[in-house]
Amino acid sequence: MNPAIVLLITGFVYILFLGGMALLRREGLSGAVALQSLAITLAAGGIVYLTGYAIHPVLLLIVLYLFSMRSRLLADLGNIFAQRKDFNLAERCYALALSLLPDPSSRLVVMINQGTSLVQRGDLERAIQTFQEVLRRKAEGHLGMKYEAAAHYNLGVAYLRKGMDAQARVEFNTVIETLPASDFARRAEEALNRQRH
């Protein structure tokens, strides 16, 4: 089969897979990511067609994955630094992730990770503002239930550490209602039980 056609098929399958995964996570489909991935696929196919130089389909998949997941990968790197208590480097990773024009869903995921790092750092006011903004934007349809539960749980933790017990209870109860079988719900239930006693 023509190598250019193989690349085009590979790119199209990747775009369909990415869209399917977004639907399974109940996140909004990102037209921007699909168009960017399509442009990369067409460029790679055009290069192969015009030059006769074969690009391995796995190389195209790696490029598409790194490009489409760039912000989430940087957020994961920021999380590693936050776990090591290197909050300045973590903040730089989150800022870079947000500056790379992520799709709406990835932007919210980065913000949740950034807010969690702020809670760990003790910057509770900024953490609360970050989680409130994420939850305001959830109505746009780009936040999966797992991430919504994470935002509510961490907002509850921030409220609790700030001494705002009533607001914390509301957030923990929302976690339990949003995703009852999750680890976030279990931890929210434990936090509520500690508050009762």
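Count residues from 1 along the sequence.
- Pairs of residues two or more places apart, or lying in two chains, that qualify as salt bridge (Lys or Arg N to Asp or Glu O under 4.0 Å) and include a residue from residues 146-160 are K138-E148.
- In this structure, T178 and A149 approach most closely via the heavy-atom pair CG2-N, 4.4 Å.
- In this structure, a donor-acceptor pair under 3.5 Å is present between the side chains of S68 and Y14.
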Query raised in the report: Are M111 and R137 close enough, and set up right, to give a side-chain contact (heavy atoms from CB on, under 4.5 Å), and what steps lead you there?
Result: CA-CA 11 Å; M111 290 173 69; R137 291 185 177 190; 4.1 Å; yes
Report task. Test D86 against R92 for side-chain contact (heavy atoms from CB on, under 4.5 Å), laying out the working first. Result -> CA-CA 10 Å; D86 192 344; R92 286 187 200 143; over 6 Å; no
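- The structure places CZ of F184 at 14.5 Å from OG1 of T174, a figure rounded to the nearest 0.5 Å.
- Taking CD of Q129 as the start and CG of D123 as the end, the distance is 8.5 Å to the nearest 0.5 Å.
- Following chains of ILVMFWY side-chain contacts shorter than 4.5 Å, one can reach L60 starting from L66, so the two form part of one hydrophobic cluster.
- Sequence neighbours left out, not one pair with a member in residues 2-22 passes salt bridge (Lys or Arg N to Asp or Glu O under 4.0 Å).
- Here the side chains of L61 and H56 are not in contact, with every heavy-atom distance at 4.5 Å or above.
- The minimum heavy-atom distance linking A34 with I15 is given by the pair O-CD1, 3.9 Å.
- Sorted by first and then second residue, the salt bridge (Lys or Arg N to Asp or Glu O under 4.0 Å) pairs involving residues 70-80 (not counting sequence neighbours) are E27-R72.
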N/O donor to acceptor pairs below 3.5 angstrom from side-chain atoms of residues 1-8, sequence neighbours left out:
from, atom 1, to, atom 2, distance (Å)
N2, OD1, A4, N, 2.9

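- The structure places CD of E190 at 10.5 Å from CZ of F172, a figure rounded to the nearest 0.5 Å.
- Here the side chains of L73 and Y65 are in contact, with some heavy-atom distance below 4.5 Å.
- With sequence neighbours excluded, the residues that form a salt bridge (Lys or Arg N to Asp or Glu O under 4.0 Å) with R196 are E189.
- Taking CG from L179 and CZ from R186, the interatomic distance works out to 13.0 Å, rounded to the nearest 0.5 Å.
- Neither L118 nor L98 shares a network with the other; the hydrophobic side chains, linked directly or stepwise wherever heavy atoms of I, L, V, M, F, W or Y lie under 4.5 Å apart, form separate groups for each.
- Heavy atoms from other residues, nucleotides or ligands lying under 6.0 Å from CZ of F67 number more than 12.
- Of the possible donor and acceptor atoms, one in the side chain of S71 sits under 3.5 Å from a partner among the backbone N and O of A97.
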**Report entry** side-chain contact (heavy atoms from CB on, under 4.5 Å) between E171 and Y153, intermediate numbers included
**Finding:** CA-CA 6 Å; E171 295 304 323; Y153 174 76; over 6 Å; no
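- Both V58 and L64 belong to a common hydrophobic cluster when Ile, Leu, Val, Met, Phe, Trp and Tyr are linked at side-chain heavy-atom distances under 4.5 angstrom.
- One hydrophobic cluster, built from ILVMFWY side chains closer than 4.5 Å, cannot hold both V109 and L77; they sit in different ones.
- Residues I176 and L192 have side chains in contact (heavy-atom distance under 4.5 Å, counting atoms from C-beta outward).
- With sequence neighbours excluded, the residues forming a side chain to side chain donor-acceptor pair (under 3.5 Å) with Y94 are N79, listed by chain and number.
- Residues passing the side-chain contact (heavy atoms from CB on, under 4.5 Å) test with T51, sequence neighbours excluded: I47, Y53.
- For residues 52-67, no residue pair satisfies the salt bridge (Lys or Arg N to Asp or Glu O under 4.0 Å) rule, not counting sequence neighbours.
- The two residues V110 and A75 make their nearest non-hydrogen contact at CG2-CB, 3.9 Å.
- To the nearest 0.5 Å, the span separating CG on L135 from CG on L108 amounts to 9.0 Å.
- The distance from the OG atom of S106 to the CE atom of M69 is 6.0 Å, given to the nearest 0.5 Å.
- Two different hydrophobic clusters hold L35 and F17 under the rule that ILVMFWY side chains link at heavy-atom gaps under 4.5 Å.
- In this structure, A185 and P180 approach most closely via the heavy-atom pair CB-O, 3.3 Å.
- The minimum heavy-atom distance between A82 and F87, with the atom names listed, is O-CE2, 3.6 Å.
- By the side chain to side chain donor-acceptor pair (under 3.5 Å) test, E177 is found to be paired with no residue, residues two or more places apart in sequence or in another chain being considered.
- Residues satisfying the side-chain contact (heavy atoms from CB on, under 4.5 Å) criterion with T116, sequence neighbours excluded, are I112, Q120, F131, N154.
- Of the charged side-chain nitrogens involved, at least one lies within less than 4.0 Å of a carboxylate oxygen, so that E91 and R126 count as a salt-bridged pair.
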Donor-acceptor pairs are to be reported for all side-chain atoms of residues 157-170 against protein atoms at under 3.5 Å, with residues two or more places apart or in another chain.
from, atom 1, to, atom 2, distance (Å)
Y159, OH, Q132, NE2, 2.9
R161, NH1, V119, O, 3.3
K162, NZ, E125, OE1, 2.8

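- Taking R187 as the reference, D183 meet the salt bridge (Lys or Arg N to Asp or Glu O under 4.0 Å) condition, with sequence neighbours excluded.
- The environment of OH in Y49 is sparse: at most 12 heavy-atom neighbours from other residues, nucleotides or ligands sit within 6.0 Å.
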